[in-house]
Participant: 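For reference, the structure I am asking about is given below.
Note that these values count all heavy atoms, side chains included, but never hydrogens, waters or copies made by symmetry.
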Amino acid sequence: MEDKEYQLELKKISLDKAKLRFDLMKWVVIAVGAIVSFWVIDYGNLRLEQYRAQSLNERELLVSYMNAMETSKPEVWKRKLQFLIEYSSDSKIENFAIQQLDYINQYAELTSLYREAIETASSLAVKDALTPSDRKQKFLRFEQLYWAELPLAGESTQVSTAMVRYRTQLLKTQADPELVKHWNELSFAMLELSTAIRSSMPDKTPLPSVKPVVD
């Protein structure tokens, strides 16, 4: 009788130990599952933040390039585009930058001079737009474009003719700045120059067809 009770007690102890081991394993599995879940969530959040940061960087790179396009200096455009190619991880943006760089290398010099000629001539065509000192500097720059840089770059016949007409009228305006008629005629000459330059751009498509999409 005592042996049976002893055996029964041993089985009870064995069952309690098994239950304890099972409970321990259960809590270990729960703890491991929780750790894995937290890791997955943290990793997902990290990847999301990395994606957001990358998207923001890509957008800032594009904005930087677009701001650079406001200047008439193609060397600035080139530096921005090379920066895009070097640091952008978006294949569409990289492809866009490569095509833009090819376009600038082919057409930029004359296009840049045309743009600067328009900017310089338009500022000189407004009577009170510049201080005397600034007007003098703008006129000197116009003379450089007129006599040297545009002819050297291969300006079109239309632009050359329009530049001659504009300069002739500009000199009349400078000789008698109080005569309204001179300013009106200078405005017409400015319009002719603008039209000539627009029709003489080296490439009628200002940008390649590939356009980046920014969310």
Side-chain angles (χ1 to χ4, degrees), residues 62-84 96-212:
L62 278 177
V63 170
S64 177
Y65 170 64
M66 294 307 175
N67 290 338
M69 290 293 288
E70 294 177 2
T71 179
S72 61
K73 303 298 182 183
E75 291 305 315
V76 177
W77 307 347
K78 288 183 180 181
R79 287 197 296 271
K80 294 288 186 178
L81 285 169
Q82 288 165 350
F83 186 80
L84 274 176
F96 166 80
I98 291 172
Q99 291 194 43
Q100 288 279 286
L101 192 57
D102 289 343
Y103 168 85
I104 289 171
N105 287 333
Q106 186 173 1
Y107 299 113
E109 181 182 10
L110 188 55
T111 300
S112 174
L113 291 175
Y114 278 163
R115 289 178 60 171
E116 187 175 5
I118 284 291
E119 187 276 330
T120 304
S122 62
S123 63
L124 289 169
V126 180
K127 182 178 179 181
D128 298 320
L130 301 170
T131 64
S133 176
D134 289 341
R135 179 170 290 277
K136 181 179 179 180
Q137 292 298 320
K138 286 288 185 181
F139 178 72
L140 289 175
R141 182 55 187 150
F142 179 83
E143 291 287 88
Q144 291 173 343
L145 291 166
Y146 181 89
W147 291 108
E149 296 187 36
L150 280 171
L152 182 62
E155 62 183 335
S156 69
T157 302
Q158 296 94 320
V159 172
S160 176
T161 300
M163 286 287 285
V164 170
R165 290 175 180 171
Y166 178 88
R167 184 175 182 274
T168 298
Q169 190 56 45
L170 179 62
L171 294 177
K172 290 181 181 179
T173 304
Q174 289 180 339
D176 190 358
E178 299 305 319
L179 190 60
V180 176
K181 177 183 177 182
H182 286 339
W183 289 102
N184 291 336
E185 291 176 351
L186 184 61
S187 296
F188 283 116
M190 176 67 228
L191 179 60
E192 289 181 2
L193 177 59
S194 177
T195 302
I197 287 178
R198 183 178 61 183
S199 64
S200 300
M201 284 292 185
D203 181 34
K204 297 302 186 297
T205 304
L207 296 175
S209 58
V210 176
K211 297 181 180 178

Participant: Consider side chain to side chain contact (heavy atoms under 4.5 Å, CB included). Of Q144, M163, E116, which one does L150 pass it with?
Facilitator: M163
Participant: Kindly check if the number of other-residue, nucleotide or ligand heavy atoms within 6.0 Å of NZ (K127) is above 12?
Facilitator: yes
Participant: Minimum heavy-atom separation for G154 and L110, please, with both atom names.
Facilitator: O-CD2, 3.8 Å
Participant: With a 4.5 Å heavy-atom cut-off, do T120 and F139 have their side chains touching?
Facilitator: no
Participant: Look at atom NZ of K172 and say whether more than 12 heavy atoms of other residues, nucleotides or ligands are closer to it than 6.0 Å.
Facilitator: no
Participant: Could you grab the distance from atom OG1 of T168 to atom CG of L186, nearest 0.5 Å is fine?
Facilitator: 11.0 Å
Participant: Supply the atom-to-atom distance L193 CG to T161 OG1, rounded to the nearest 0.5 angstrom.
Facilitator: 11.0 Å
Participant: Between E155 and V159, which heavy-atom pair has the shortest distance, and what is it?
Facilitator: OE1-CG1, 3.7 Å
Participant: On a heavy-atom basis, which atom in A196 and which in A162 lie closest, and how many Å separate them?
Facilitator: CB-CB, 3.9 Å
Participant: Can you name the side chain to side chain contact (heavy atoms under 4.5 Å, CB included) partners of S122, sequence neighbours left out?
Facilitator: M190
Participant: Looking only at heavy atoms, what is the nearest atom pair of I197 and A117, with distance?
Facilitator: CD1-CB, 4.2 Å
Participant: Could you state the interatomic distance from OG (S112) to CD (E149), rounded to the nearest 0.5 Å?
Facilitator: 9.0 Å
Participant: Hey, are the side chains of R167 and E143 touching, using non-hydrogen atoms and a 4.5 Å cut-off?
Facilitator: yes
Participant: Mind checking whether R165 and F188 have side chains closer than 4.5 Å, heavy atoms only?
Facilitator: no
Participant: For the residue pair Q158 and R198, establish whether any side-chain heavy-atom pair is separated by less than 4.5 Å.
Facilitator: no
Participant: Using a 4.5 Å cut-off on heavy atoms from C-beta on, say whether the side chain of V164 contacts that of Y146.
Facilitator: yes
Participant: Could you tell me whether the side chain of W183 and the main chain of V126 form a donor-acceptor pair under 3.5 Å?
Facilitator: no
Participant: Should Y114 and S156 count as side-chain neighbours, where that means a heavy-atom distance under 4.5 Å?
Facilitator: yes
Participant: Who passes salt bridge (charged side-chain N to carboxylate O under 4.0 Å, His left out) against R135, sequence neighbours left out?
Facilitator: none
